[in-house]
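We count ligands from 1, going down the list as the structure has it; atoms in each ligand are counted the same way. Sequential numbering from 1 along the given sequence is applied to the chain's residues.
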Amino acid sequence: MQNYSEAVLRWHLDIGVDETITSSPVSKFNTADALSGETTASAPAAPVVESLPLATKDNSSLPDKSLVAPFYSAEAIAVEEKLKSINTLSDLKDFINTFDGCSLKKTATNTVISRGSEASELMIIGEAPGADEDREGLPFVGRSGQLLDAMLAAAGFEKEQAYITNIVFWRPPGNRKPNPSEIGLCLPFVRRHIALKKPKAILLLGGVAVQSLFGDQDFVQNKGITKLRGDWIDYTSKDLETSIPTIASYHPAYLLRTPIAKKLAWMDLLELQARLTPVQK
Ligand code: URA
């Protein structure tokens, strides 16, 4: 039989509150608090952003909700400028590992960048590390990652045929969704990551990944993953000579909760496999 304190702790865990971040509460409805992570009266004026989603137990369980455009701050622009002199994946990883500008790093155990072969044709981009990834320092190693690996293997992708990363490199506390400022700050890294990796195709997992990379385009704005999955979108960048075909699909965390959607995710993987398979003459 649980005592009262245990029951309160269990309730906190169930609603996603699994860490103590500050000694005083932070209001998620006050954007200044939410963006600074502090509750001081002198918090800087925050940019206007849409209301921040409340923490959920699983950060990818709502495929069409909480879609927010990235906020591109002056700091993000400064990062983008510095990244122009980074010309190898190894230097990029060193840069990300030593970058202290994202407040998520303060509460994370590890910086989580990538796993898989840098030579692979396929680059997979998810949302943000969860608790398992934060502990191990590698993306998609928890239950979502196991499902992703199993689906990739079943669709014919060899173990090292996919290079896996995320939109943000530090676990958001309580597995909440990364907010527009956090995404905006990590995006220059993600774009440089793609430009240096030069994959033949990109698979985006979940609405946050699609909105982060394509949210400024009319046909993507305000659309959830249900509307966007399965369609090819060209990723272009001034750092790339040619565009990269990109397909979006459901996030594996969503599939764990909604097995019926696996059929569509499976079709997306087969579509991707067909695109990467050279036509036999
Ligand atoms: N979900 C993600 O989006 N990325 C991970 O690395 C793990 C879970």
Side-chain angles (χ1 to χ4, degrees), residues 16 18-19 53 55-68 70 93 96-97 102 104-105 107-118 120 122-152 157 159 162-180 182-187 189-190 193-194 197 199 202-215 224-226 228-229 246-259 261-262 265 268-269:
D18 59 0
E19 269 163 297
T56 58
K57 191 159 192 287
D58 184 318
N59 62 3
S60 307
S61 58
L62 302 168
D64 286 333
K65 305 265 169 59
S66 314
L67 296 173
V68 283
K93 288 175 190 180
I96 299 172
N97 272 314
C102 182
L104 289 177
K105 191 172 183 178
T107 50
T109 308
N110 278 301
T111 298
V112 178
I113 305 180
S114 65
R115 74 170 165 97
S117 164
E118 291 180 1
S120 62
L122 173 63
M123 185 167 187
I124 300 179
I125 308 180
E127 180 178 313
D132 294 313
E133 290 74 21
D134 182 46
R135 215 172 293 121
E136 292 196 32
L138 290 169
F140 282 101
V141 290
R143 282 183 67 221
S144 296
Q146 285 157 20
L147 175 60
L148 176 63
D149 286 348
M151 290 184 73
L152 287 170
F157 290 94
K159 181 102 183 122
Y163 177 81
I164 305 177
T165 183
N166 280 307
I167 290 290
V168 302
F169 307 104
W170 300 276
R171 180 196 181 206
N175 285 1
R176 65 164 169 77
K177 284 189 185 293
N179 71 35
E182 292 154 357
I183 294 175
L185 196 53
C186 288
L187 259 189
F189 293 109
V190 176
H193 206 171
I194 296 171
K197 166 78 190 70
I202 298 174
L203 169 64
L204 298 176
L205 296 176
V208 167
V210 193
Q211 291 293 335
S212 299
L213 279 187
F214 295 108
I225 190 69
T226 303
L228 297 168
R229 60 142 288 278
T246 300
I247 193 166
S249 192
Y250 288 121
H251 192 288
Y254 174 68
L255 297 177
L256 285 169
R257 288 171 174 241
T258 321
K262 281 186 187 167
D268 300 338
L269 284 187

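Heavy atoms of Ala128 found under 4.0 angstrom from ligand 1 belong exclusively to the backbone.
By the salt bridge (Lys or Arg N to Asp or Glu O under 4.0 Å) test, Lys93 pairs with Glu118, sequence neighbours left out. Considering only residues two or more places apart in sequence or on other chains, Thr111 meets the side chain to side chain donor-acceptor pair (under 3.5 Å) condition with Trp170.
The pair Arg115-Glu133 does not meet the salt-bridge criterion, since no charged nitrogen lies less than 4.0 angstrom from a carboxylate oxygen.
Under a 4.0 angstrom heavy-atom cut-off, Gly142 registers as lying outside contact with ligand 1.
For the 3.5 Å distance criterion, the side chains of Ser114 and Tyr163 qualify, holding a donor opposite an acceptor.
Short contacts between ligand 1 and Pro139, defined as distances under 4.0 Å to a heavy atom of the residue, involve ligand atoms 6 (O). Atoms of ligand 1 found under 4.0 Å from any heavy atom of His251 (numbered from 1 in listed order, with element): 1 (N), 2 (C), 3 (O). Residue-ligand proximity, Glu127 to ligand 1, at heavy-atom distances under 4.0 Å covers atoms 2 (C), 3 (O).
In this structure, Ser144 contributes its side chain and Pro252 its backbone to no donor-acceptor pair below 3.5 Å.
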Step by step, work out the salt bridge (Lys or Arg N to Asp or Glu O under 4.0 Å) result for Lys177 and Glu127. CA-CA 8 Å; Lys177 284 189 185 293; Glu127 180 178 313; 3.6 Å; yes
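Looking at ligand 1, you won't find any N or O of Ser144 less than 3.5 Å from one of its N or O atoms. At under 3.5 Å, a nitrogen or oxygen of Phe140, whether backbone or side chain, sits near a nitrogen or oxygen of ligand 1.
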